[in-house]
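Model, not experiment: these values are computed from the prediction. Side-chain atoms are counted along with the backbone in the values below, which use heavy atoms only and exclude waters and symmetry mates.
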Amino acid sequence: MTMAHHALDITLTRALTPAELHLAARTMPLAANHDATRLMTVVRAKTPDKALNRLRHQMGTQLPVDVITTHYPDPHGQIILNVALPPAAYAALETAAEHEGRPPRLFLQEAVHRALARHADQEADRLARELRHLLASTTPSHLLAAVGRALTHTTGATPC
């Protein structure tokens, strides 16, 4: 297997000082956002998981790293997260996973997927309720025209 380059996002627990950013950038190339709370880099590794782990190992002690993620989705459309849990939280995760007979990583992955699906369902229900409320006082064509105007205005697109 060849070594690929993996684009990774680093979310920090606080903004870096210019000196911290300069020092970290001597270890590997980094691009910072406007307030130095998020960084991007490219790591050479066989797999995205190995790239995440390599970055955590190299930068985890130098930077106040909160979460590291892959920048691009994998073939299944998933973004991979690398989170360092405090020992007490990891112990609780292990206990809950053992109770379910699942490895901790798989248990956490399934819990996150369930939470995201629940959130998506709740958001769809909320939007449906709001649409019913709007349609009670206007026509579908007026509502659709207003949505089109709002989307055109918020995305900065110019009308044809």
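In plain terms, the two heavy atoms of Val65 and Ile68 that are nearest each other are CG1-CG1, 3.6 Å. Between Pro104 and Ala97, the closest heavy-atom pair is CA-CB, 3.7 Å. Contact between Pro48 and Ile80 at its shortest, heavy atoms only, is CB-CD1, 3.7 Å. In plain terms, the two heavy atoms of Ala32 and Leu21 that are nearest each other are CB-CD2, 3.8 Å. Residues Ala25 and Leu30 approach most closely at N-CD1, 3.8 Å, considering heavy atoms. The shortest non-hydrogen separation linking Leu16 to Pro64 is CD2-CD, 3.6 Å.
Note: the hydrophobic cluster containing Phe107 also contains Val112 (ILVMFWY, side chain heavy atoms under 4.5 Å, direct or indirect links). Hydrophobic clustering of Ile, Leu, Val, Met, Phe, Trp and Tyr side chains at less than 4.5 Å, counting indirect connections, keeps Leu23 apart from Leu63. Hydrophobic clustering (side-chain heavy atoms under 4.5 Å, transitive across Ile, Leu, Val, Met, Phe, Trp, Tyr) groups Val67 together with Tyr90. Placement of Met28 and Met40 in two distinct hydrophobic clusters is found when ILVMFWY residues are connected by side-chain heavy-atom separations under 4.5 Å, directly or transitively.
One distance of note links CD1 of Ile10 with CG of Leu8; it measures 7.0 Å at 0.5 Å rounding. Of the inter-residue distances, the one linking Leu52 atom CG with Thr47 atom OG1 reads 8.0 Å to the nearest 0.5 angstrom. Between atom OG1 of residue Thr69 and atom CG of residue Leu81 there is a gap of 6.5 Å, rounded to the nearest 0.5 Å.
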Return a table of donor-acceptor pairs under 3.5 angstrom between the side chains of residues 114-122 and protein atoms on other chains or two or more places apart.
none

Contacts table for residues 53-60: side-chain donor-acceptor under 3.5 angstrom, sequence neighbours left out:
unit_1, atom_1, unit_2, atom_2, d
Asn53, OD1, Asn82, ND2, 3.1
Asn53, ND2, Asp49, O, 3.3
Arg54, NH1, Arg44, O, 2.3
Arg56, NE, Asn82, OD1, 2.7
Arg56, NH2, Asn82, O, 2.8
Arg56, NH2, Asn82, OD1, 2.9

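The salt bridge (Lys or Arg N to Asp or Glu O under 4.0 Å) analysis of residues 130-143, with sequence neighbours excluded, yields the pairs Arg126-Glu130. Screening residues 92-102 for salt bridge (Lys or Arg N to Asp or Glu O under 4.0 Å), with sequence neighbours left out, gives Arg102-Glu110.
With hydrogens and angles ignored, the 3.5 Å screen pairs no side-chain donor or acceptor of Thr138 with any backbone N or O of Leu135. Panel note: side chain Thr37, backbone Leu12; no donor-acceptor pair is recorded below 3.5 Å.
Arg26 pairs by the salt bridge (Lys or Arg N to Asp or Glu O under 4.0 Å) definition with nothing, not counting sequence neighbours. In this view, Glu20 and Arg14, Thr17 satisfy the side chain to side chain donor-acceptor pair (under 3.5 Å) rule, not counting sequence neighbours.
For His71, the NE2 atom counts as densely surrounded, since its 6.0 Å shell holds more than 12 non-hydrogen atoms of other residues, nucleotides or ligands. Atom NE2 of His113 is surrounded by more than 12 heavy atoms from other residues, nucleotides or ligands within 6.0 Å.
Considering only heavy atoms from C-beta on, Gln109 comes within 4.5 Å of Leu106 through its side chain.
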